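Just so it is clear, the model here is predicted, and its values are computed rather than measured. The chains referred to below are lettered A, B, ... by the order of the sequence lines, with proteins before strands, and numbering in each begins at 1.
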Amino acid sequence: MRLSKYFFKTIKEMPSDADLKSHKLLIRGGYIKQVSAGIFSYLPLALRALHKIERIIREEMDKIDGYEVNLPVVMPASLWNETGRYQDVGEEMLRFTDRTGRKMLLGMTHEEAVTDMARYVINSYKQLPVMLYQLQTKFRDEPRVRGGLIRVREFIMKDAYSFHTDYEDLDRYYKRAYDAYHKIFSRCGLNVISVSSDVGMMGGTGADEFMAVAESGEDTLILCEKCGYKANREVAKAKRNYKKEEMLKSEEVHTPGLKSIEEVSKFLKISPESTMKAVVYNIGKEAVMCVIRGDLEINETKLRNYLKIKVLQFSEEEELNKYGIVPGFASPINLKKMRLIVDESAADSSNLLSGANKKDYHVKNINFGRDFTSKEVVDISSVKEGEKCIKCGEKLKITRGIEVGNIFKLGTKYSSTMKARYLDETGKESDIIMGCYGIGVGRLLASILEVSSEDNKISWPISVAPFEIELIALATEKDENVKNTAESIYEMFITNDFSILYDDRKASPGFKFNDADLIGSPLRITIGTKSLNEGGAEVMVNNEKPIIIKTSELMNFIKQKRDELFSQLK
RNA sequence: CGGGGCAUAGCGCAGUCCGGUUUAGCGCGUUUGGUUCGGGACCAAAAGGUCGGAGGUUCAAAUCCUCUUGCCCCGACCA
């Protein structure tokens, strides 16, 4: 491709509404154009990179016996009513009516559609297991888009769904998919770590997320460097030693105006670990009190999952009054008529300081079982930096990550409601067991930049680069020899099936180099009077120090370098 | 949905508080001609705006008032 004819545009200035590195680079390099909040057009440069990623994904999906299909973007509400999700999913699903008044929706995920396809085809155990996948646009009316391609409303996703006769088979296949995922990301030049995750609204029995480690990530990851324990903060656990001692007599203390754990523990000269706090949430019709050791935070994802609800809000003062709770001094002691959930940390520690449920008073030496009790003792705490690994006791590290893929064991959530069944050897009918596997393609593209590019320079992995080679000819107007050499090199690589971009524009060297930095090809060949005088073409591989290669040896050299670059991505 | 910010030429911005010397300006980019040519070159000329939209106040509005739309950031939320 000749750059003089190519459809693209680079921008020198920083785009004002881009914050993340990947967003700035994608705009400045002329990869994407925003059309609306979270909705982008892709220019040729971006589309080439996306196609390369998609190709890698297809190859790996095919290797684990997947069949590519295409499921509709627009679906009737009736299909989603079969699983109840037309009701269950909130406003992130865009709904509308067609001309006949029929309720329709834009697909945000495709369990219903694929299950509908599966039940149409599958009758027998002989047809199982099978996996179907697609690469397709999804729309989610995200309440908050951010970061360019990192969190958008319209996006390309690879989603795959597997179908099995039993859970053992699902587990086996899940492992294959897991390995395939790691393969895909490493072929794309992106280091990911997989972490156990929350199953969320998908339901099911297990889930892993694939995370690109980056400061700009939206998820918090808990890692143990010693034993390899990895989990999303949403599900992570820590090993804790709880204060166990003989129960002491409880006793009220005057704590005027001291509401926070910090203030109270400072005032009474005790550690926050010796206190507990009570938080009241409104969960729709009722309110629940949650009690946790004072130094810990309630993990709202864990709590929501335990309660099997989606929306969790702090109770308003008015509601607290209704239950006789004094804000700032809330306590589970003498709690009436309110559901009480106790975190393990509060249940297993002795002699904690609690609010007295009385203005300006706390109570010392409160003990679970004696002073308050509940049948609901569960883990609803978040892991803090520096806590110990649940498996090996080593100090845990906290880092941020961008979720680029996830895999779920779905079970029969969709097959049972949609009657997707098969007959086994004995003629017995059973629900098909399902798994599902997603990758956000655009987010993957952006994550690669987020992790490995510099502020003014993109360095694509060769597997993803829009063009493997960029050829730059300098000052061609002045030096015929440069022009002729560059032209013949260009032809040579074209005939050898390289993807090469040739900067044949009439522009100054700096201008061309800076554009090349945004186009980000891993192999850069520069031809100029200077390079010719030194014996040939200047070659730069992955921003390393440039070297001069004789024109006659250029093809072999580049071939070898290309192979090396690819082999690094295995 | 809560909090904060922004909207003026293709892009980045100044001007807005305090209405009138502004015929709405600057930088980048674009077009034409010339000179340059190894890290965003230089000179000259030119094109490009109903100041996000609607209504109002006023002799006079980019500037003041009301409403409205879009976008960004933080939080809530997120298969």
Colleague: Check the phosphate of C74(B) against Arg144(A), side-chain N and O only, distance under 4.0 Å to OP1 or OP2. Yes or no?
Modeller: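 Arg144(A) to C74(B) OP1/OP2: side-chain N or O found under 4.0 Å.
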
Colleague: With heavy atoms under 4.0 Å as the rule, sort Asp159(A) into base, sugar-phosphate or nothing.
Modeller: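 The answer is nothing, as Asp159(A) stays clear of every strand by at least 4.0 Å.
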
Colleague: Going by purine N1 to pyrimidine N3 plus the second Watson-Crick contact, or the G-U wobble pair, all under 3.5 Å, which nucleotide sits opposite U22(B)?
Modeller: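 Pairing partner: none.
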
Colleague: Mind calculating the distance between CG (Leu474(A)) and P (C37(B)) to the nearest angstrom?
Modeller: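 To the nearest whole Å, that distance equals 12 Å.
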
Colleague: Ring of Phe513(A) versus six-membered ring of G39(B): centres under 5.5 Å and planes under 30°?
Modeller: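 Check passed, Phe513(A) stacks on base of G39(B).
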
Colleague: Check whether any side-chain heavy atom of Leu471(A) sits under 4.5 Å from a side-chain heavy atom of Ile527(A), and report yes or no.
Modeller: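 Contact flag for Leu471(A)/Ile527(A) side chains = yes.
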
Colleague: If you measure from the P atom in C18(B) to the same atom in G56(B), how many Å do you get, rounded?
Modeller: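 Per the computed distance, 24 Å lies between those P atoms.
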
Colleague: In whole Å, what is the span from the CD1 atom of Ile519(A) to the P atom of G40(B)?
Modeller: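 Atom-to-atom, Ile519(A) to G40(B), this comes out as 17 Å.
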
Colleague: Give the rounded distance in Å between these two atoms: CG of Leu532(A) and C1' of G38(B).
Modeller: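 Between C1' of G38(B) and CG of Leu532(A): 12 Å.
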
Colleague: Give me the distance, rounded to whole Å, that separates A45(B) from U50(B) when you measure between the P atoms they each carry.
Modeller: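 My reading of the P atoms in A45(B) and U50(B) gives 26 Å.
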
Colleague: Report the distance from atom CZ of Arg28(A) to atom C1' of G29(B), rounded to the nearest whole Å.
Modeller: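 Whole-Å distance recorded here is 14 Å.
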
Colleague: Using purine N1 to pyrimidine N3 plus N6-O4 or O6-N4 for Watson-Crick, or N1-O2 and O6-N3 for G-U wobble, both under 3.5 Å, which nucleotide pairs with C51(B)?
Modeller: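 None - no nucleotide pairs with C51(B), as no candidate has both distances under 3.5 Å.
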
Colleague: Looking at the rings of Tyr6(A) and Phe467(A), which for Trp means the six-membered one, are their centres under 6.0 Å apart?
Modeller: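 Between Phe467(A) and Tyr6(A), which both carry aromatic rings, the centre distance is below 6.0 Å.
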
Colleague: Are Arg95(A) and Lys103(A) side-chain neighbours, meaning at least one heavy-atom pair lies under 4.5 Å?
Modeller: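 Heavy-atom side-chain distance check fails, nothing below 4.5 Å.
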
Colleague: Give the rounded distance in Å between these two atoms: CD1 of Ile11(A) and P of U30(B).
Modeller: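 Roughly 12 Å, once rounded to whole Å.
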
Colleague: Closest-nucleotide mapping onto RNA chain B: is Met14(A) or Pro143(A) further toward the 5' terminus? I mean the 5' end.
Modeller: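 Between the two, 5'-proximity favours Met14(A).
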
Colleague: With a 4.5 Å cut-off on side-chain heavy atoms, are Arg119(A) and Ile432(A) touching?
Modeller: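 They are not in contact (no side-chain heavy atoms under 4.5 Å apart), so the answer is no.
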
Colleague: Take atom CD of Glu477(A) and atom C1' of G34(B), then tell me their distance rounded to the nearest Å.
Modeller: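 So the two atoms are 14 Å apart, to the nearest Å.
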
Colleague: What interatomic distance, in whole Å, is found between P of G19(B) and the corresponding atom of C28(B)?
Modeller: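 C28(B) and G19(B) have their P atoms separated by 33 Å.
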
Colleague: Which part of the nucleic acid, if any, lies within contact of Glu209(A), taking any heavy atom under 4.0 Å across all strands shown: a base, the sugar-phosphate backbone alone, or nothing?
Modeller: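 No contact at all - Glu209(A) keeps every heavy atom at 4.0 Å or more from the nucleic acid.
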
Colleague: Going by the angle between their ring planes, with limits at 30° and 60°, are Tyr437(A) and Tyr173(A) parallel, tilted or perpendicular?
Modeller: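 Because their plane-to-plane angle is over 60°, the rings of Tyr437(A) and Tyr173(A) count as perpendicular.
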
Colleague: Indicate yes or no: at least one non-hydrogen side-chain atom of Cys188(A) is less than 4.5 angstrom from one of Leu444(A).
Modeller: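 Counting from C-beta outward, Cys188(A) and Leu444(A) do come under 4.5 Å.
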
Colleague: Would Arg400(A) and Thr220(A) count as having a side-chain donor-acceptor pair, cut-off 3.5 Å?
Modeller: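 The answer is yes; a qualifying pair exists.
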
Colleague: Tyr414(A) ring centre to Arg85(A) NZ or CZ under 6.0 Å, with the angle to the axis within 45°?
Modeller: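 Cation-pi check for Arg85(A) and Tyr414(A): fails.
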
Colleague: Does G75(B) pair with anything, Watson-Crick or G-U wobble, both distances under 3.5 Å, and if so, with which nucleotide?
Modeller: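 Here G75(B) is engaged in a pair, and the nucleotide opposite it is C1(B).
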
Colleague: Please report the distance separating the C1' of G29(B) from the corresponding atom of C11(B), rounded so that it comes out in whole Å.
Modeller: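 G29(B) and C11(B) have their C1' atoms separated by 7 Å.
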
Colleague: Using nucleotides 70-72 of chain B, report all nitrogen or oxygen pairs with the protein that are shorter than 3.5 Å.
Modeller:
from   : atom 1 : to       : atom 2 : distance (Å)
C71(B) : OP1    : Ser36(A) : OG     : 2.8
C71(B) : OP1    : Ala37(A) : N      : 2.7
C71(B) : O3'    : Gln34(A) : NE2    : 3.1
C71(B) : O2'    : Asp17(A) : OD2    : 3.4
C72(B) : OP1    : Gln34(A) : NE2    : 3.1

Colleague: Rounded to whole Å, please give me the gap between CZ in Arg505(A) and P in U30(B).
Modeller: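 Rounded to whole Å, this separation is 10 Å.
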
Colleague: Sort out the partner of A62(B) for me: Watson-Crick or G-U wobble, both distances under 3.5 Å, none otherwise.
Modeller: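 Looking at the geometry, A62(B) pairs with no nucleotide.
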
Colleague: Under 4.0 Å, heavy atoms only, any strand: does Arg524(A) hit a base, just the sugar-phosphate, or nothing?
Modeller: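 The answer is base, as Arg524(A) lies within the cut-off (heavy atoms under 4.0 Å) of a base atom.
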
Colleague: Assuming nearest nucleotide by heavy-atom distance, tell me which of Glu91(A) and Ile439(A) is located more 5' along RNA chain B.
Modeller: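 On the 5' side of the pair lies Glu91(A).
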
Colleague: Is Asp479(A) salt-bridged to Lys483(A), cutoff N-O under 4.0 Å?
Modeller: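 No.
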
Colleague: Can you check the distance between C71(B) and U8(B), where both ends of the measurement are the P atom (answer in whole Å)?
Modeller: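 It comes out at 14 Å once rounded to the nearest Å.
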
Colleague: NA contact type, Phe139(A), heavy-atom cut-off 4.0 Å: base, sugar-phosphate, or nothing?
Modeller: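 The residue Phe139(A) makes no contact with any strand.
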
Colleague: Between C17(B) and U63(B), how far apart are the two C1' atoms, rounded to whole Å?
Modeller: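 Taking atom C1' in both C17(B) and U63(B), they lie 9 Å apart.
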
Colleague: Can you check whether Ile39(A) reaches Phe139(A) side chain to side chain, under 4.5 Å on heavy atoms?
Modeller: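 When only atoms from C-beta onward are counted, Phe139(A) and Ile39(A) do touch, with a gap below 4.5 Å.
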
Colleague: How long is the line joining CG of Asp515(A) and P of G39(B), in whole Å?
Modeller: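 Whole-Å distance recorded here is 15 Å.
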
Colleague: What does U35(B) pair with, Watson-Crick or G-U, if both distances are under 3.5 Å?
Modeller: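 Across all strands, the one nucleotide that pairs with U35(B) is A41(B).
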
Colleague: Tell me what Met93(A) touches on the nucleic acid: a base, only sugar-phosphate, or nothing, going by heavy atoms under 4.0 Å.
Modeller: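 Answer is nothing: Met93(A) stays at 4.0 Å or more from every strand.
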
Colleague: Report each atom pair, protein N/O against N/O of nucleotides 3-10 of chain B, whose distance is under 3.5 angstrom.
Modeller:
none

Colleague: By the 4.0 Å heavy-atom rule, please label Lys457(A) as base, sugar-phosphate, or nothing.
Modeller: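 Since no nucleic acid heavy atom lies under 4.0 Å of Lys457(A), the category is nothing.
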
Colleague: Base, sugar-phosphate, or nothing: which does Asp479(A) touch, judged by heavy atoms less than 4.0 Å apart?
Modeller: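 Nothing, no nucleic acid heavy atom in range.
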
Colleague: Please measure how far the C1' atom in G27(B) lies from the corresponding atom in C67(B), and state the result in whole Å.
Modeller: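 Rounded to whole Å, the distance is 35 Å.
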
Colleague: Parallel, tilted or perpendicular for His23(A) and Phe40(A), by the 30°/60° rule?
Modeller: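 If you compare the ring of His23(A) with that of Phe40(A), the planes turn out perpendicular.
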
Colleague: According to the Watson-Crick and G-U wobble definitions, with both distances under 3.5 Å, which nucleotide is paired to C28(B)?
Modeller: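 WC or wobble partner is G10(B).
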
Colleague: Provide the Watson-Crick or G-U wobble partner of C17(B), both distances under 3.5 Å; none if there is no partner.
Modeller: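 Per the H-bond distance test, none.
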
Colleague: I'd like the C1' distance from U35(B) over to C72(B), given in whole Å.
Modeller: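 Approximately 43 Å lies between the C1' atom of C72(B) and that of U35(B).
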
Colleague: Under a 3.5 Å cutoff, is there a donor and acceptor pairing between the side chains of Ser194(A) and Tyr178(A)?
Modeller: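 Yes - a donor-acceptor pair under 3.5 Å links their side chains.
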
